[in-house]
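Take a look at the structure set out below.
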Amino acid sequence: MSYTKKPLVGIIMGSSSDSRIMKDAAEILDKFKIKHEDQIVSAHRTPTRLEEYGKHAEKMGFKIIIAGAGGAAHLPGMIASHTIIPVIGVPIMVYNDKQTKRADNSKFSSFGGLDSLLSISEMPTGSPVVAVGINKAGNAGIYALKILANEFPELKKKLKLHKSEQHNSVLKESDILKKQGLSKFVQKKFK
Ligand code: RP5
C-alpha cells in the first residue's frame with residue numbers, strides 16, 4: 001500500500017554516474033512505501049530541461065525534490081530557483097567508484113566531495129537548499145519522510161518505530177560488546 005497514487009517526491013541527479021549513490025534515497029522511500037519519480041537532469045548539459053523540470057515538478061504536485069550532483073553542483077540550487085518545492089541536496093563525490101584507470105584521474109574531483117557540499121550548502125541568502133552529508137542520499141530520503149510525516153499520520157508511526165528499532169539495535173550490539181569484550185567484538189564484526 002502506498003500513500004498516494006501519484007509520486008510525492010521527485011529524485012533528480014546530474015548524471016547517470018550519480019545513480020549508484022542516489023539509489024539509497026530511492027530505497028528508503030520504497031521501504032516506507034512513498035512513491036517517487038526518478039530522472040536525470042543536468043544543470044550544465046540540459047539547462048532548458050532543468051527549467052522544464054521545475055514546471056513538471058509543480059504540475060506533478062511533488063512535496064519534496066531530492067537533487068544529487070557532484071563537482072560544481074548547481075543542480076539543487078538551480079532547481080530551487082525554478083520552484084518553491086523544498087529541495088534537499090545530496091553532494092556527490094565524483095567518480096568515487098571509478099578509481100581504476102590512471103588516465104581518468106583528470107575526471108576526479110580533487111576535493112573529495114567538499115566542492116559539491118559547499119556548492120549546495122552555500123546558497124545565497126534568501127534562496128535556501130538544505131544539504132545532507134557527502135554521498136548521504138539515504139539521509140535525504142529519511143529527511144523527506146520526516147517532512148511528509150507531517151501530512152501522513154501512518155508514516156509518522158512508522159518513523160517512530162524505525163527510531164525505536166535503531167535504539168534497540170544499539171542496545172543489542174552494546175550487550176554483545178559487553179559480553180565478548182572489545183578485542184573479540186572487533187575481530188568478529190570486521191572479519
Ligand atoms: C555532475 O558532474 C554530475 O552530477 C556528476 O556527479 C558529475 C560527473 O558527471 P559525468 O561526467 O559522470 O556525467 O554534473
Side-chain angles (χ1 to χ4, degrees), residues 7-31 34-148:
L8 292 169
V9 180
I11 300 182
I12 48 173
M13 60 211 83
S15 166
S16 61
S17 65
D18 300 325
S19 61
R20 272 175 280 187
I21 299 295
M22 293 305 288
K23 75 156 185 6
D24 293 350
E27 278 174 6
I28 190 89
L29 294 175
D30 290 342
K31 188 177 165 196
I34 293 295
K35 280 194 181 171
H36 49 93
E37 185 208 78
D38 317 324
Q39 293 206 45
I40 299 168
V41 181
S42 169
H44 311 277
R45 287 172 278 203
T46 63
T48 48
R49 178 169 154 70
L50 176 103
E51 192 175 348
E52 282 158 20
Y53 182 84
K55 290 184 191 127
H56 167 74
E58 300 237 339
K59 202 168 153 202
M60 291 290 287
F62 295 156
K63 307 275 182 192
I64 298 144
I65 294 171
I66 299 177
H74 294 127
L75 180 64
M78 284 309 295
I79 199 62
S81 75
H82 286 294
T83 170
I84 57 156
I85 300 167
V87 177
I88 305 173
V90 182
I92 291 181
M93 181 149 67
V94 176
Y95 295 137
N96 187 28
D97 56 339
K98 293 185 187 168
Q99 304 189 16
T100 44
K101 287 186 205 155
R102 266 197 197 165
D104 280 349
N105 275 356
S106 63
K107 285 190 169 181
F108 279 88
S109 155
S110 311
F111 303 99
L114 189 60
D115 40 3
S116 29
L117 174 65
L118 295 177
S119 297
I120 294 171
S121 63
E122 288 300 311
M123 283 295 286
T125 305
S127 307
V129 160
V130 297
V132 292
I134 296 162
N135 286 353
K136 296 252 189 296
N139 269 356
I142 296 173
Y143 200 78
L145 292 171
K146 288 183 172 193
I147 297 171
L148 292 169

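Read the numbers this way: they start at 1 and go in the same order the structure lists the ligands and their atoms. By convention here, the first residue in the shown sequence is residue 1.
- For the atom pair Ser121 OG and Leu114 CG, the distance stands at 8.5 Å (nearest 0.5 Å).
- Under 4.0 angstrom from ligand 1, the non-hydrogen atoms of Arg45 all belong to its side chain.
- For the atom pair Arg20 CZ and Met13 CE, the distance stands at 12.5 Å (nearest 0.5 Å).
- Residue Gly70 has at least one nitrogen or oxygen atom sitting less than 3.5 Å from a nitrogen or oxygen atom of ligand 1, judged on distance alone.
- Distances below 4.0 Å separate heavy atoms of Ala69 from the following atoms of ligand 1: 4 (O).
- Ile65 contributes atom CD1, which lies 8.0 Å from atom CD of Glu58 (distance to the nearest 0.5 angstrom).
- Distances between N or O atoms of His44 and those of ligand 1 include no value under 3.5 Å.
- Checked by distance only, ligand 1 and Ser17 come closer than 3.5 Å through their nitrogen or oxygen atoms.
- Distance check, rounded to the nearest 0.5 Å: OG of Ser19 to CD1 of Ile40 gives 7.0 Å.
- Heavy-atom neighbours of Tyr143 OH from other residues, nucleotides or ligands within 6.0 Å: at or below the threshold of 12.
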